[in-house]
Amino acid sequence: MRFATHDGPGIRTTIFLKGCPLSCWWCHNPENWQQVPQVVYLPDRCAGCGLCVETCPAHALSRGDQGIHTDAGLCRRCGRCAAVCPMEARESTGWSVGVPQLMAAIERDVPFFDQSGGGVTFSGGEPLCQPDFLWALLKECGRLEIHCAVDTSGYVDPETLLKTAELADLFLFDLKVLDPLKHRTHTGVDNSIILSNLKLLSAAGAEIMIRIPLIPGFNDDEHDIAAAGEFIAGLPQRHAVHLLPYHRAANGKYRKLGLNCPGKHVQPPSAQRIADVVNHLAGFGLEVGMGG
């Protein structure tokens with residue numbers, strides 16, 4: 001995504017790497033859960049021209065009463081069907097790319113980085129699911145003096161995280177909830193390594209912006225906000241905090257992917273509730289702002 005303004009300082013190019021070990025109920029990027037590319041089929045747009053069927057090298061597509069049928073066992077996820085569809089009834093959720101090609105795209109935006117104090121943000125999914133690829137990109141960006149941020153859940157091996165800290169300029173670190181049961185129930189993983197890694201990064205002197213997704217009914221009650229504020233205030237270094245209020249913009253993605261959206265009935269927080277949470281966290285001596 002080019003010209004992003006909520007993923008770190010200045011104007012940024014955000015690169016989304018596929019693959020994530022979490023399954024958060026409110027995830028805005030479900031297309032990045034799997035590390036392999038996926039092709040989404042939108043039957044309402046399909047004109048039945050059959051170009052995708054003719055193009056598929058694996059013969060995984062066939063005509064049916066309900067439109068074009070995909071044999072998942074044959075599909076190679078090459079994306080050729082999406083490339084030829086004149087109605088955009090098939091969309092690819094990702095593609096394979098090498099470091100040189102990606103860096104060529106990033107370098108085109110350097111004038112905007114220089115003018116705004118921006119740079120590149122690596123997001124996902126979880127970018128640290130592909131550490132070697134991420135490190136290669138961070139090294140190239142460092143060579144070109146391009147500011148780099150890594151958006152992470154923190155659910156990663158500590159050694160991988162510390163090696164990344166040697167190459168990245170900034171971490172956008174998600175802190176979802178302190179309660180371990182709530183965290184496991186709503187994300188699928190334990191939060192002990194996440195909390196430990198945040199302490200580790202802070203002690204190592206890394207530049208960190210802590211981002212709290214504000215999800216009504218999950219982590220917005222007084223106890224959870226107080227626990228988050230106390231934990232952040234107790235870290236070895238002082239770090240800015242950004243709230244990310246829940247919204248429903250991703251509901252359409254779940255429909256395209258044929259997935260159930262666990263958070264579809266959650267109401268976005270009111271402006272007054274957001275203000276209350278900001279004031280509560282600020283009471284711990286924290287600098288609190290709003291993210292995207």
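- Clustering ILVMFWY residues whenever any of their side-chain heavy atoms sit less than 4.5 angstrom apart, transitively, puts L175 in the very cluster that holds V150.
- The closest donor-acceptor contact from the side chain of R63 to the backbone of G48 lies under 3.5 Å.
- Among all heavy-atom pairs drawn from T70 and C75, the shortest one is CG2-CB, 4.2 Å.
- A pairwise comparison of heavy atoms in C129 and Q35 identifies O-OE1, 4.0 Å as the closest pair.
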Next item on the list: Go through the steps to decide whether L235 and K199 satisfy the test side-chain contact (heavy atoms from CB on, under 4.5 Å), and finish with yes or no.
Entry: CA-CA 6 Å; L235 290 171; K199 292 178 182 178; 3.8 Å; yes

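- Residues E91 and R45 are paired through a salt bridge, judged by an N-O separation under 4.0 Å between the basic side chain and the carboxylate.
- No side-chain heavy atom of P100 sits under 4.5 Å from any side-chain heavy atom of M103.
- Under a hydrophobic-cluster definition in which Ile, Leu, Val, Met, Phe, Trp and Tyr are linked whenever side-chain heavy atoms come within less than 4.5 Å, directly or via other members, Y155 and F133 are assigned to the same cluster.
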Checklist line | side-chain hydrogen bond (donor to acceptor under 3.5 Å, both in side chains) assessment of W33 paired with S23 | finding: CA-CA 8 Å; W33 290 349; S23 53; over 6 Å; no

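- Among all heavy-atom pairs drawn from C52 and C81, the shortest one is CB-CB, 3.7 Å.
- At a threshold of 4.5 Å between non-hydrogen side-chain atoms, the residues F16 and E31 do not count as touching.
- Side-chain N or O atoms of R90 include none that pairs as donor or acceptor with a backbone N or O of G79 at under 3.5 Å.
- I146 and F171 fall within the same hydrophobic cluster, defined by Ile, Leu, Val, Met, Phe, Trp and Tyr side-chain heavy atoms under 4.5 Å apart, directly or through other members.
- Panel note: side chain N29, backbone G124; a donor-acceptor pair is recorded below 3.5 Å.
- One N or O on the side chain of R238 and one on the backbone of A233 form a donor-acceptor pair closer than 3.5 Å.
- In this structure, T187 and W26 approach most closely via the heavy-atom pair CG2-CH2, 3.9 Å.
- There is a path of hydrophobic side-chain contacts, each under 4.5 Å, that joins V97 to W135.
- You'll find the side chain of D220 stays beyond 4.5 Å of the side chain of I215, heavy atoms only.
- Comment: K182 engages D224 in a salt bridge, judged by a side-chain N to carboxylate O separation of less than 4.0 angstrom.
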Next item on the list: Could you check H147 against L170 for side-chain contact (heavy atoms from CB on, under 4.5 Å), going step by step and ending with a plain yes or no?
Entry: CA-CA 8 Å; H147 183 276; L170 171 68; 4.0 Å; yes

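- Atom CD of Q115 has 12 or fewer neighbouring heavy atoms from other residues, nucleotides or ligands inside a 6.0 Å radius.
- Side-chain atoms of L214 and V277, non-hydrogen and from C-beta on, do get closer than 4.5 Å to each other.
- A distance of 6.5 Å separates CG of L102 from CZ of F122, quoted to the nearest 0.5 Å.
- For D169 (side chain) and C148 (main-chain N/O), a donor-acceptor pair under 3.5 Å exists by modelled atom type.
- Residue pairs meeting the side-chain hydrogen bond (donor to acceptor under 3.5 Å, both in side chains) criterion with at least one partner in residues 277-289, sequence neighbours excluded, are E222-H280.
- Using a 3.5 Å distance cut-off with no hydrogens or angles, the side chains of Q237 and S202 do not pair a donor with an acceptor.
- Heavy atoms of other residues, nucleotides or ligands lying less than 6.0 angstrom from CZ of R248 number more than 12.
- Side chain of D174 to main chain of K176: no donor-acceptor pair is present (N/O by atom type, distance under 3.5 Å, no hydrogens or angles).
- Side chains of S192 and P180 form no contact here, defined as non-hydrogen atoms less than 4.5 Å apart.
- In this structure the side chain of E140 never reaches within 4.5 angstrom of the side chain of L137, judged on heavy atoms.
- In this structure, the separation between CG on L286 and CD1 on I210 is 8.0 Å, given to the nearest 0.5 Å.
- Of the possible donor and acceptor atoms, one in the side chain of N197 sits under 3.5 Å from a partner among the backbone N and O of G154.
- Across all their heavy atoms, T160 and P131 have their closest contact at CG2-CB, 4.0 Å.
- Under the 3.5 Å distance criterion, the side-chain polar atoms of Q130 are matched with a main-chain donor or acceptor of K18.
- At a threshold of 4.0 Å, the pair K163-E166 does not count as salt-bridged, since none of the basic side-chain nitrogens sits closer than that to a carboxylate oxygen.
- M290 is not connected to Y246 by any chain of hydrophobic side-chain contacts under 4.5 Å among Ile, Leu, Val, Met, Phe, Trp and Tyr, and they are in different clusters.
- By the 4.5 Å heavy-atom criterion applied to side chains, F113 and E145 are not counted as neighbours.
- The line from OG of S123 to CG of L17 is 9.0 Å long, rounded to the nearest 0.5 Å.
- Between V288 and A282, the shortest heavy-atom distance links the atoms CG2-N, 3.9 Å.
- Atom CG in L198 sits 9.5 Å away from atom OG in S196 (nearest 0.5 Å).
- In this structure a side-chain-to-backbone donor-acceptor pair under 3.5 Å is present from S116 to F112.
- Residues forming a side chain to side chain donor-acceptor pair (under 3.5 Å) with K264 (at least two apart in sequence, or on another chain): N260.
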Next item on the list: Take R211 and T152 through the side-chain hydrogen bond (donor to acceptor under 3.5 Å, both in side chains) test and state the conclusion after the steps.
Entry: CA-CA 10 Å; R211 307 212 296 186; T152 181; over 6 Å; no

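- In this structure, the side chains of H183 and D190 stay at 4.5 Å or more apart for every pair of heavy atoms.
- Under the 3.5 Å distance criterion, with hydrogens and angles disregarded, no donor-acceptor pair is assigned to the side chains of R77 and S96.
- The aromatic rings of H28 and H247 sit parallel, their planes meeting at an angle under 30°, below the 60° perpendicular limit.
- Between I212 atom CD1 and L243 atom CG the span is 6.0 Å, to the nearest 0.5 Å.
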Check: Does the side-chain hydrogen bond (donor to acceptor under 3.5 Å, both in side chains) test come out yes or no for T55 and R80, once each step is laid out?
Finding: CA-CA 7 Å; T55 302; R80 293 184 188 179; over 6 Å; no

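- Residues that satisfy the salt bridge (Lys or Arg N to Asp or Glu O under 4.0 Å) test with D114, not counting sequence neighbours, are absent from this structure.
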Next item on the list: Give the intermediate values and the outcome of side-chain hydrogen bond (donor to acceptor under 3.5 Å, both in side chains) for residues T121 and D7.
Entry: CA-CA 6 Å; T121 297; D7 293 328; 5.4 Å; no

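- Once rounded to the nearest 0.5 Å, the distance linking CG of L134 with CD1 of I15 reads 11.0 Å.
- Y41 contributes a side-chain N or O that, together with a main-chain N or O of I68, makes up a donor-acceptor pair within less than 3.5 Å.
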